[in-house]
Amino acid sequence: MYTKNKVKPFNKKIYLASPTMHGEEFKYIEEAYKTNWMSTVGENINEVERIAAEKAGVKYAVALCNCTSALHLCCKLAGEKLYGKPSVGHGALEGKRVFSSDMTFDATVNPIVYEGGIPIFIDTEEESWNMDPIALEKAFEIYPDVKLVVYAELYGFPGRVDLIKEICEKHNALLIEDAAEAMGATLNGKQCGSFGDYAAISYNGNKIITGSSGGCLLTNSIEDATKARKWSTQARENAPWYQHEEVGYNYRMSNVVAGVIRGQYPHLNEHIESKKEIYERYKIELKDLPVTLNPITDGTAPNYWLSCLNINKDSMCKQVRDDSKALYIKEKGKTCPTEILEAISSINAEGRPIWKPMHMQPMYRMHDCIGRNGTIRCRTNAYISGGVEDIGADIFDRGLCLPSDNKMTKEEQDIIIEVIKRCFE
Ligand SMILES: *Cc1c(COP(=O)(O)O)cnc(C)c1O
């Protein structure tokens, strides 16, 4: 048996999630090289757009340098549709409130701010760890003028994006779906990335498939796809010289990156399968501990991108976090994310805290976060604040992401599991 200080660290680090290559990627990179399509035009890009749209079940995909830029163009498209073209020096969402997922990576929210919007966060539901539809309804009561919602699927486990879409329709609001973490996941047989009026997927190095970087904007509107493609290549007008009528961006995907992505797509399902095995192994092996893993919502098939756990309230030892450090007091039979993360790290494996909710971030301290029962005025990491429950802060407090790399062997995962169990002694 392993004891905490007897476990030998892995020789090679076990990552949270790292690129898994298969060989075909190289063929498409080489093709781009040999034919000299080494820029932002070429067959690989055309193929990525075709495959991405087909896989997601939408009409059009626009290949971009990353998912953040895709989300930016989603915000710009939505903003112009809702409020008209902004004048020079203003964003398309200038001064407008936008509802956003709260417990997510900050790339969900930044693009709202790029366009001058004011994010209002919507609390997370315990049932799915995604945006709470009841809290969203509540938010529309408080702010009936809001016309845009940005929703992210957390860790590849879809929540009730169908309900979220219904609520948006009821309030004449548009929906941007940030499916960066959820490529290949489904709800009621429908792919993530096909629920929003606009959606974005990511090929970042740690995602389920990767191009080293890259992303796609997904839409069913040819006008929107054409606009996004134009904006992404410096918004050039059709003229013999560089003619400009609106602000442009340099957001197009490289044909070399597209080659990697093209080679990865045939392996998407295989990656989902191996991530699912990792999740299920954690689930079975940790079943006697006072923990829960990412919840799976009825009707969904997750892509299992990251396996995460939450420690039950009564098995948490004391833990406090400020803006950069954490401290805990060890108690017999109890533990906390900080201790487990230290233990995982001590054997040369990588874990991570749950994405810290946006309303707890210093830069959004003054922004509202709406929970089921009203506005959360939480400016600390206490998870009950002013009588309104703060689900996101609570999940952050008690949760962590486990090593979920495709290339981790069963034996390596067994050792990680053993080390986690030891923390509860
Ligand atoms: C990774 C990620 C993004 C950003 O993707 P990039 O391709 O790195 O720009 C956006 N949203 C979420 C939820 C993510 O996890």
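It should be emphasised that the depicted structure is a prediction, and the values quoted were computed from it without experimental measurement. Whatever order the structure lists ligands and atoms in, that order sets their numbers, starting from 1.
Here is the list of ligand 1 atoms found below 4.0 Å of a heavy atom in T108: 11 (N), 13 (C). Close approach to G214 involves these atoms of ligand 1, each under 4.0 Å from a residue heavy atom: 7 (O). Of all atoms in ligand 1, numbered sequentially from 1 with element shown, those under 4.0 Å from a heavy atom of A107 are 3 (C), 4 (C), 10 (C). Counting atoms of ligand 1 from 1 in the listed order, those under 4.0 Å from a heavy atom of A180 are 2 (C), 3 (C), 10 (C), 11 (N), 12 (C), 14 (C). Atoms of ligand 1 lying under 4.0 Å from at least one heavy atom of S202, given by number and element, are 5 (O), 6 (P), 7 (O). For ligand 1, the atoms sitting less than 4.0 Å from at least one non-hydrogen atom of T104 are 13 (C), numbered in the order shown with element in parentheses.
Ring planes of W355 and W305: perpendicular class, angle over 60° (limits at 30 and 60°). A perpendicular orientation is assigned to the rings of W129 and Y155, their planes being inclined by more than 60° (bins at 30° and 60°).
The environment of R236 atom CZ is sparse: at most 12 non-hydrogen atoms of other residues, nucleotides or ligands sit within 6.0 angstrom. Few gaps surround NZ on K85; more than 12 heavy atoms of other groups in view lie less than 6.0 Å from it.
K207 NZ, 1.6 Å is the protein heavy atom nearest to atom 1 (C) of ligand 1. In terms of protein heavy atoms, atom 8 (O) of ligand 1 is closest to N204 ND2, 2.8 Å. With respect to atom 9 (O) of ligand 1, the closest heavy atom belonging to the protein is T68 OG1, 2.5 Å. Protein heavy atom closest to atom 15 (O) of ligand 1, with residue, atom name and distance, is E181 OE2, 2.5 Å.
At least one N/O-N/O distance between C67 and ligand 1 falls below 3.5 Å. Considering both main-chain and side-chain atoms, D178 comes within under 3.5 Å of ligand 1 through a nitrogen or oxygen pair. Of the polar atoms of W305, none of the N or O atoms is found under 3.5 Å from an N or O of ligand 1, judged by distance alone.
Figure legend: cation-pi geometry between K96 and Y83, with NZ or CZ positioned under 6.0 Å from the six-membered ring centre and within 45° of its axis.
A donor-acceptor pair shorter than 3.5 Å cannot be found between the side chains of N312 and S315. A donor-acceptor pair shorter than 3.5 Å cannot be found between the side chains of N206 and Y15.
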side-chain contact (heavy atoms from CB on, under 4.5 Å) between H72 and E115, intermediate numbers included: CA-CA 8 Å; H72 182 192; E115 286 304 317; 2.6 Å; yes
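Residues I14 and E350 are not in side-chain contact: their nearest non-hydrogen atoms beyond the backbone lie 4.5 Å or more apart.
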